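Here is the structure we will look at, set down as structure tokens.
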Amino acid sequence: MEDLQLFKKLEINSQVHPYKVFFTKKINESLKDDLLVGDIIILDKNIYKLYPQIFDNINNKLILIEASEKAKSYNEIESIISQIVEMGFRKNNKLVAIGGGITQDITSFIAFIIYRGVDWIFFPTNLLSQCDSCIGSKLSINLKKFKNLVGGFYPPRKVFIDTQFLKSLSQKEIISGLGEMLHYFLVNSKKDMEFFKSKIKNAKKNISLIDQMIFRSLSIKKEMIELDEFDKGPRNVFNYGHTFGHAIESVTEYKIPHGIAVSYGIDIANYISVKLGFLSVKERNYMRDLCIEIYLDFPLPNIKKNNYESALKKDKKNIGNKIGLILSKGAGRVFKHLIEYKKIEKFLEDYFREKIYLKNI
């Protein structure tokens, strides 16, 4: 597996424009080197409170935002655009996002539409954005009650990853990020699965071990982005664990964080794969041992069958009356499968009722 000391950056060959991901421990220098007069920083308020020293010698204008779903709404973003224009921002200037996924979505959306497109750069500050969303070009915002309804594809010019930011995260946030990473390793290969297995126990306790996992996670995603940047087909496999995971998030009102819900979703997908004859019991049980490293300390509440069914049927990967699932034939062999809900209904009932996620089958 790659030594991070030998690989300080990744280059993503986007069809929109190529961009680079840099790993740094000197965020102040990275900011000073890339900021020009007129550039504007869109900054998560919490990051500003936690790391005020980063901005001591920065003369550029700041726009502080609450990193909330409300802030990601079209109405709230209109207000931010007005501030940007009033600050004298021009087409030759760039926006700088410092925060997590919500800050990323807000900044990328504005950069995409203002003056028909301006450059932006990104400093992701939580594990979910560092290991996943910082590359891939996707952007989305909310419109009224509809989450992530409006969006597109518009990558940054540069991404700077500084894992020092992770020191301020809760254990739950760290584990959620590791859960998101897990699906990349299982999608890609047995070798990557074993790599994840060798790192996970210590990574939960030691932030310094996560750099290499982030690098590998992004390297896997980079290969798929360059093959299917606009999510027309092959990239669908990265929804592994997400169909079932998103439904868990929905029915628990997001009390189960995203990456942890995804790890449950992976185990559900693998259990369904066994029941449909695609995956061996031995392989499912082996992968469950990895999933449980993520979700063991985050038990599921009682999940009502009708609520879960309703959430599953709203998934955007569904076609007609069929549920669009990403199932597995083993690590490195996942595939899309359309199936009527009634054909998996009994399996799901058993899974939750018998708490199969806590045991081998």
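Hydrogens, waters and symmetry mates play no part in the numbers below; they use all other heavy atoms, side chains included. From a predicted model like this one, the values you see are computed outputs, not experimental measurements.
Ring geometry, F160 versus F123: the interplanar angle falls under 30°, so the pair is classed parallel (tilted spans 30 to 60°).
N270 and R288 are not linked by any side-chain donor-acceptor pair at a separation below 3.5 angstrom, with hydrogens and angles left out of the test. At a cut-off of 3.5 Å, with distance as the only test, a side-chain donor of N126 or S129 sits close to an acceptor on the other residue. Side-chain polar atoms of D192 and S189 form a donor-acceptor pair below 3.5 angstrom.
For K201, the salt bridge (charged side-chain N to carboxylate O under 4.0 Å, His left out) partners are E293, not counting sequence neighbours. Under the side-chain hydrogen bond (donor to acceptor under 3.5 Å, both in side chains) criterion, S310 pairs with no residue at all, not counting sequence neighbours. The side-chain hydrogen bond (donor to acceptor under 3.5 Å, both in side chains) test applied to K25 returns T163, D211, not counting sequence neighbours. Looking at residues two or more places apart in sequence or on another chain, you find a side-chain hydrogen bond (donor to acceptor under 3.5 Å, both in side chains) between K197 and Y286. Applying the salt bridge (charged side-chain N to carboxylate O under 4.0 Å, His left out) rule to R235 yields no partners; only residues at least two apart in sequence or on another chain are considered. With sequence neighbours left out, Y295 forms a side-chain hydrogen bond (donor to acceptor under 3.5 Å, both in side chains) with no residue at all. For E11, there are no salt bridge (charged side-chain N to carboxylate O under 4.0 Å, His left out) partners at least two apart in sequence or on another chain.
Side-chain contact between K94 and I121 is present, with at least one heavy-atom pair separated by less than 4.5 Å.
Remark: K172 does not engage D297 in a salt bridge, criterion side-chain N to carboxylate O under 4.0 Å. Using a 4.0 Å cut-off between a side-chain N of Lys or Arg and a carboxylate O of Asp or Glu, D34 and R157 do not qualify as a salt bridge.
A distance below 6.0 Å separates the ring centres of F352 and Y308. The six-membered or imidazole ring of F23 lies near that of F215, with a centre-to-centre distance under 6.0 Å. Ring centroids of F238 and Y184 are separated by less than 6.0 Å, placing the two rings close together.
Within the 3.5 Å criterion, the main-chain N or O of N13 finds a donor-acceptor partner in the side chain of E226. Looking at E76, its side chain never comes within 3.5 Å of a backbone N or O of K70 through a donor-acceptor pair. N318 contributes a side-chain N or O that, together with a main-chain N or O of D315, makes up a donor-acceptor pair within less than 3.5 Å.
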Output a table of donor-acceptor pairs, distance under 3.5 Å, between side-chain atoms of residues 335-348 and any protein atom two or more places apart or on a different chain; print 'none' if there are none.
unit_1 : atom_1 : unit_2 : atom_2 : d
E345   : OE2    : K305   : NZ     : 2.8
K346   : NZ     : D350   : OD1    : 3.0
K346   : NZ     : D350   : OD2    : 2.9

Please tabulate, for side-chain N and O atoms in residues 173-182, each donor-acceptor pair with protein atoms closer than 3.5 Å (sequence neighbours left out).
unit_1 : atom_1 : unit_2 : atom_2 : d
E173   : OE1    : S170   : N      : 2.8
E173   : OE1    : S170   : OG     : 3.2
S176   : OG     : G259   : N      : 2.9
E180   : OE1    : H242   : NE2    : 3.4
E180   : OE1    : H258   : NE2    : 2.8
E180   : OE2    : H242   : NE2    : 3.3

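Under the 4.5 Å side-chain contact rule for hydrophobic residues, F55 and I84 do not share a cluster. W120 and I27 sit in two unconnected hydrophobic clusters of ILVMFWY residues. Membership requires side-chain heavy atoms under 4.5 Å apart, directly or through other members.
Counting heavy atoms of neighbouring residues, nucleotides and ligands inside a 6.0 Å radius, atom CD of E253 does not exceed 12 of them.
Applying the salt bridge (charged side-chain N to carboxylate O under 4.0 Å, His left out) definition to pairs two or more places apart or across chains, those involving residues 45-57 are K45-E66. Residue pairs meeting the side chain to side chain donor-acceptor pair (under 3.5 Å) criterion with at least one partner in residues 98-114, sequence neighbours excluded, are K72-D105, Q104-S133. Listed by first then second residue, pairs satisfying salt bridge (charged side-chain N to carboxylate O under 4.0 Å, His left out) with a partner in residues 269-279 number zero, not counting sequence neighbours.
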message = N57 vs N28, test: side-chain hydrogen bond (donor to acceptor under 3.5 Å, both in side chains). Steps then yes/no.
response = CA-CA 9 Å; N57 298 312; N28 299 75; over 6 Å; no
inquiry  = Assess the residue pair F244 and Y264 against the criterion (ring pair (Phe, Tyr, Trp, His ring centres under 6.0 Å)); give the C-alpha distance rounded to whole Å, side-chain angles, the decisive distance to 0.1 Å, and a yes or no.
reply    = CA-CA 8 Å; F244 295 116; Y264 275 113; over 10 Å; no
